[in-house]
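Everything below concerns the one structure shown next.
Just follow the structure's listing: the first ligand is 1, and inside any ligand the first atom is 1. All values below come from the heavy atoms of this structure, side chains included, with hydrogens, waters and symmetry mates left out. This is a predicted model, so every value here is computed, not measured.
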Amino acid sequence: MDFIDLKAQQQRIRPRIEANIQAVLDHGQYVMGPEIFELERRLAEYCGVRHAVSCASGTDALILSLMAYGVGPGDAVFTTPFTFVATAEAVRLLGATPVFVDIDPATFNMAPEALETAVSAVAACSGDLTPRGILPVDLFGLPADYAPIQAVARKYGLFILEDAAQSFGAEYHGRKAGALGEIAATSFFPAKPLGAYGDGGMCFTDDDGLAEALRSLRIHGMGADKYDNVRIGINGRMDTIQAAILLAKFEIFPEELERRQKVAARYARGLTGVTVPTVPEGSLSAWAPYSVLAADSNHRTMLQARLKEAGIPTAVYYPIPLHLQTAYKSHDCAPGDFPVTEDAAARIFSLPMHPYLPPEDQERIMQIIVGSPAKE
Ligand SMILES: *Cc1c(COP(=O)(O)O)cnc(C)c1O
């Protein structure tokens, strides 16, 4: 059994993928070819935003977005410690400071009340940090709670950069992930809801000025003329071949998203003995990945071992919260600082989740979990 079965998807659309790759080989525009602009047009339309700017990875999408705001030393960017390292890494690479905010225990996303507390503390402190932006993560494919986050952003004059790396296709009160901040960053790493055959990413925004800056920054800060560099940028372009592959995959993406909902609903109906994910009213998750909470860390170890014996792969996202990672530790952070995050990190694990998971396989997974309750 696969944790994510990319072969089943490929079998369905292989002729289309091959034809799209062939077209790139024929026209030979490997860098910034027509498929790049076609993909940007389609995904901007899908997300309901004016601009989509493709780039080399989700990490680059975060870096480019922060660069477009001119984030740098002395700036505080508020995010959660319960995320993939790239979220905070992008902030640190630019010399700014990630300020961590604990999560909501039901959704694993940034807790808006904790955000307000953290922002007001930094704003009140006469230190050398200035609140600049909020970087909420749509963890496991579920959008963060943007309405109260927006209220904090407005109150303190902060930008919102949505880390939508896991949530492409998700929704929050009628709006698509990618359209929930002033700017959003997504990833096309193969295991994400919409995955390429290599690395890729995209920024989304309605702001014309930010979009222009992003397009310049991804090509070494070029101006109107390619050899007139008006900013310090990076080589952050997406390969044309990846755009061609994504165009083929995007055709079946809406249907795949529906299949993911069915798989998630079957898990939610059948699982007992673990806490299944909560989807708040008005939200739709892209389910990447499907994560449940065991009773405690011993229970998690037992469940993962029993599933492994049966040939069922599982994973832990994320075993070490960012505030306890070697590279991100600071004197102001210690174990116990973010109790909700630390509790989740000790108990969480993820089950196989992809659009082609056969119901029989899912039954097997659920039987093992239901039959392995925590010891009293
Ligand atoms: C995957 C991921 C990223 C980085 O995307 P890459 O394409 O791998 O660079 C950033 N943030 C989160 C939350 C992710 O899951």
Asp128 atom CG: more than 12 heavy-atom contacts under 6.0 Å: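 For Asp128, atom CG is not crowded (no more than 12 foreign heavy atoms under 6.0 Å).
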Got more than 12 heavy atoms from elsewhere within 6.0 Å of CZ, Arg231?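 Above 12, so yes.
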Give the numbers and elements of all ligand 1 atoms closer than 4.0 Å to a heavy atom of [X].
X: Gln166; answer: 13 (C), 14 (C), 15 (O)
X: Thr83; answer: 13 (C)
X: Ala86; answer: 4 (C), 10 (C)
X: Val137; answer: 13 (C)
X: Ser187; answer: 5 (O), 6 (P), 7 (O)

[X] ring center near [Y] ring center (under 6.0 Å):
X: Phe168; Y: Tyr46; answer: yes
X: Phe338; Y: His323; answer: yes
X: Tyr317; Y: Phe140; answer: no

Identify the protein heavy atom lying closest to [atom], giving its residue, its atom name and the separation to 0.1 Å.
atom: atom 14 (C) of ligand 1; result: Lys192 NZ, 3.0 Å
atom: atom 11 (N) of ligand 1; result: Asp163 OD2, 2.9 Å
atom: atom 9 (O) of ligand 1; result: Thr59 OG1, 2.5 Å
atom: atom 12 (C) of ligand 1; result: Ala165 CB, 3.4 Å

Would you say Gly58 and ligand 1 have an N/O pair spaced under 3.5 Å apart?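 Gly58 vs ligand 1: N/O contact under 3.5 Å present.
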How about Leu194 and Leu246: do any of their side-chain heavy atoms sit closer than 4.5 Å?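 Touching, per the 4.5 Å side-chain cut-off.
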His354 vs Tyr356 aromatic rings, parallel, tilted or perpendicular, using cut-offs 30° and 60°? tilted
